[in-house]
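What follows is one structure encoded as structure tokens, with my remarks underneath.
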Amino acid sequence: MENSISSSASVSTPRFKCFDPTNSYHATAHHIRNRAYFVTTPSLPSSSDCSTPSRDGDSGSTMAISAKLEPKIVTGELGYVLEDVPHFTDYLPHLPTYPNPLQVNPSYSVVKQYFVNMDDTVAQKIVVHKDSPRGTHFRRAGPRQKVYFESDEVHACIVTCGGLCPGLNTVIRELVCGLYYMYGVNRVLGIEGGYRGFYARNTIPLTPKVVNDIHKRGGTILGTSRGGHDKSKIVDSIQDRGINQVYIIGGDGTQKGASVIFEELRRRGLKVAVVGIPKTIDNDITVIDKSFGFDTAVEEAQRAINAAHVEAESIENGIGVVKLMGRYSGFIAMYATLASRDVDCCLIPESPFYLEGPGGLFEYIKKRLKENGHMVIVMAEGAGQELLTESIRSMNQQDASGNKLLQDVGLWLSQKIKALGYGLIWMKLGIHRVGLVGIGDHFASQKKMTINLKYIDPTYMIRAVRSNASDNVYCTLLAHSAIHGAMAGYTGFTVGPVNGRHAYIPFYRVIERQHKVVITDRMWARLLSSTNQPSFLDHKDVTGDKREEEPETPELNESGANHIEPLTAQSRD
């Protein structure tokens, strides 16, 4: 043990150049003070007391760490705030360190300034005023000079949870290859079928040969599932198998599970790194710039939009309706619309709309058909759910991950639009209520306007494709950043890009809320400008505004989404 500790002295003279600590910002006692740290925990037993911490969960046991986990917040001058991630030394203070194997890795021998400085952090907000505080920062991802695992000591496992997403296999491949080729780790286990696989004992030994070509196909070779999160069984399995690095790939629900697993492992005093890799095709994980698979989803959505446009423009009064993914966040629909240039209307969950009356969707459809003879509508799956009647809306029903079950709003809207063909002739006859009920013989004899609608739902086609070049590169960076963090002793974190720099983000930050489109930002304004669609103000407010001859300041409705606020220098793109 003494030799292992003293060997870290060789880190000061690596084979290639590292960051010069004298040129970086240092966290000294004068500049930074601990504002909130881990709650004080009981001392761990010595090796003579017990070789393995207790797993019985008894809060009175001297072999269990029972303190509640608190955020690690460090503050400094000029409003500097570091939201740090947990580290082994927070609860296992006397662990030995070892020189990073990358120092003797021939692939990296030519790299200059490869190791990141221990004090490097990444700012969450990149645009600030000269007098504004420095704001929140996260610890920068990357390899450290000292690591807390020896290569032959590491027994890693990888698990994928939740729905499918382009890039899952790429992340798995790069985790395995990164561990093998960068750090010399030769024991990597794949957990089959999501969280349930931990205690069902379904595993796959993973080697570079096994994963060599998996990035060329979609899905995940490990299989996936929703739910199945039994904390005690999962941690028991990790402990029984001797696993000390756990890489968990999944969305916000999966990251919540990873956080619970980490807390239990820490409570037991186990040296196990838990690393989350955020996966959500909807791009609804907060803090990070974007999630992997999103670029591929937007690119693949273009095929569906193009098909809808070809169908619509090839026939009289043609309407193409495309439903894309986006349960609570409309990023795919918004970016696919901006990329396409063929879309006339984009509907997302964050921007409410209504069907009938002045300024409504039906009025806009009638206008576009009159002007162009066809139109394309793109909508996210979560858009307009509030318009469904209570009789057909899923009330208090959830899937295994706890997500609310949604009705097929695209099919519902398509049926409503088809009925609009009858409604248009009714308007010509002076009848202002759109509907099909109560058509008399007099109206039945009138010539009706034909609407030719094509409904396209490419959801599962998009989820199942292989990732594109951009996402493949991104997945590689995510996997390598995760590995560097685990080897350096960090745990209980999610990895992802923040303002273009990869960082380690504490679990609680990525699960506290969902990332959503802000309809008062410039990006949504660009979409409205591109499609020329209305903002779908409530028709009562529209008629109310017309009664006022000179309204000085437009008022927001109760939802706060009726009017787009004036753009300011602080608006986000």
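All values reported here derive from a predicted model rather than from experimental measurement.
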- Task: Give the intermediate values and the outcome of side-chain hydrogen bond (donor to acceptor under 3.5 Å, both in side chains) for residues T531 and D344.
- Result: CA-CA 5 Å; T531 62; D344 298 284; over 6 Å; no
Check for a donor-acceptor pair, side chain of [X] on one end and backbone N or O of [Y] on the other, with a separation under 3.5 Å.
X	Y	answer
T160	G223	yes
N317	N452	no
D284	H515	no
S225	G193	yes
S529	A525	no
R139	E83	no
Y504	G492	no
D342	V376	no
N169	I221	yes
H137	G135	yes

Rounded to the nearest 0.5 Å, what's the gap from [atom1] on [X] to [atom2] on [Y]? Could you check?
X	Y	atom1	atom2	result
Y183	H480	OH	NE2	10.0 Å
M523	F331	CE	CZ	9.5 Å
I191	R196	CD1	CZ	14.5 Å
L411	D457	CG	CG	9.5 Å
L347	L413	CG	CG	7.0 Å
I505	I511	CD1	CD1	12.5 Å

Would you call [X] and [Y] a side-chain contact if the rule is heavy atoms closer than 4.5 Å?
X	Y	result
V188	Y180	yes
S530	T337	no
T220	I172	yes
T121	R140	no
Q385	P349	no
L324	I462	yes
N306	S340	no
T459	E381	no

- Task: Output, in order, the C-alpha distance, side-chain angles, deciding distance and verdict of side chain to side chain contact (heavy atoms under 4.5 Å, CB included) for L387 and V409.
- Result: CA-CA 9 Å; L387 299 178; V409 69; over 6 Å; no
Over all heavy atoms of both residues, which pair between [X] and [Y] is shortest? Give the atoms and the distance, please.
X	Y	result
D471	G293	OD1-N, 3.1 Å
I277	Q255	O-NE2, 3.6 Å
A304	I456	O-CD1, 3.8 Å
L361	C345	CD1-SG, 3.9 Å
E350	I519	O-CD1, 3.8 Å
L179	A156	CD1-CB, 3.9 Å

Proximity of [X] and [Y] rings by center, below 6.0 Å:
X	Y	result
Y108	Y114	yes
Y490	H484	no
F493	F262	no
H502	F138	no

- Message: Quick one, T296 with V465, criterion side chain to side chain contact (heavy atoms under 4.5 Å, CB included). Give me CA distance, side-chain angles, the key distance, then yes/no.
- Response: CA-CA 8 Å; T296 304; V465 301; 3.7 Å; yes
- Item | side-chain hydrogen bond (donor to acceptor under 3.5 Å, both in side chains) between D282 and T280, intermediate numbers included | CA-CA 5 Å; D282 294 346; T280 166; 4.8 Å; no
- Message: Under a plain distance cut-off of 3.5 Å, with no hydrogens placed, do Q245 and Y247 share a side-chain donor-acceptor pair?
- Response: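 Looking only at side-chain atoms, Q245 and Y247 do form a donor-acceptor pair, the distance falling under 3.5 Å.
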- Indicate whether the side chain of S470 and that of D295 have a donor and an acceptor atom separated by less than 3.5 Å.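 S470 vs D295: donor-acceptor pair found between side chains.
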Do the side chains of [X] and [Y] get close enough for a salt bridge, i.e. N-O under 4.0 angstrom?
X	Y	answer
D408	K323	yes
E371	R368	yes
R173	D213	no

- Task: State whether the number of non-hydrogen atoms from other residues, nucleotides or ligands found under 6.0 Å of I126 atom CD1 is greater than 12.
- Result: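 No - once you tally the heavy atoms of other residues, nucleotides and ligands closer than 6.0 Å, there are 12 at most.
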- Message: Apply side chain to side chain contact (heavy atoms under 4.5 Å, CB included) to residues I319 and H374 and explain how you reach the verdict.
- Response: CA-CA 6 Å; I319 298 178; H374 67 276; over 6 Å; no
- Message: Applying side chain to side chain contact (heavy atoms under 4.5 Å, CB included) to W524 and V518, what does each step give before you reach the verdict?
- Response: CA-CA 7 Å; W524 185 245; V518 179; over 6 Å; no
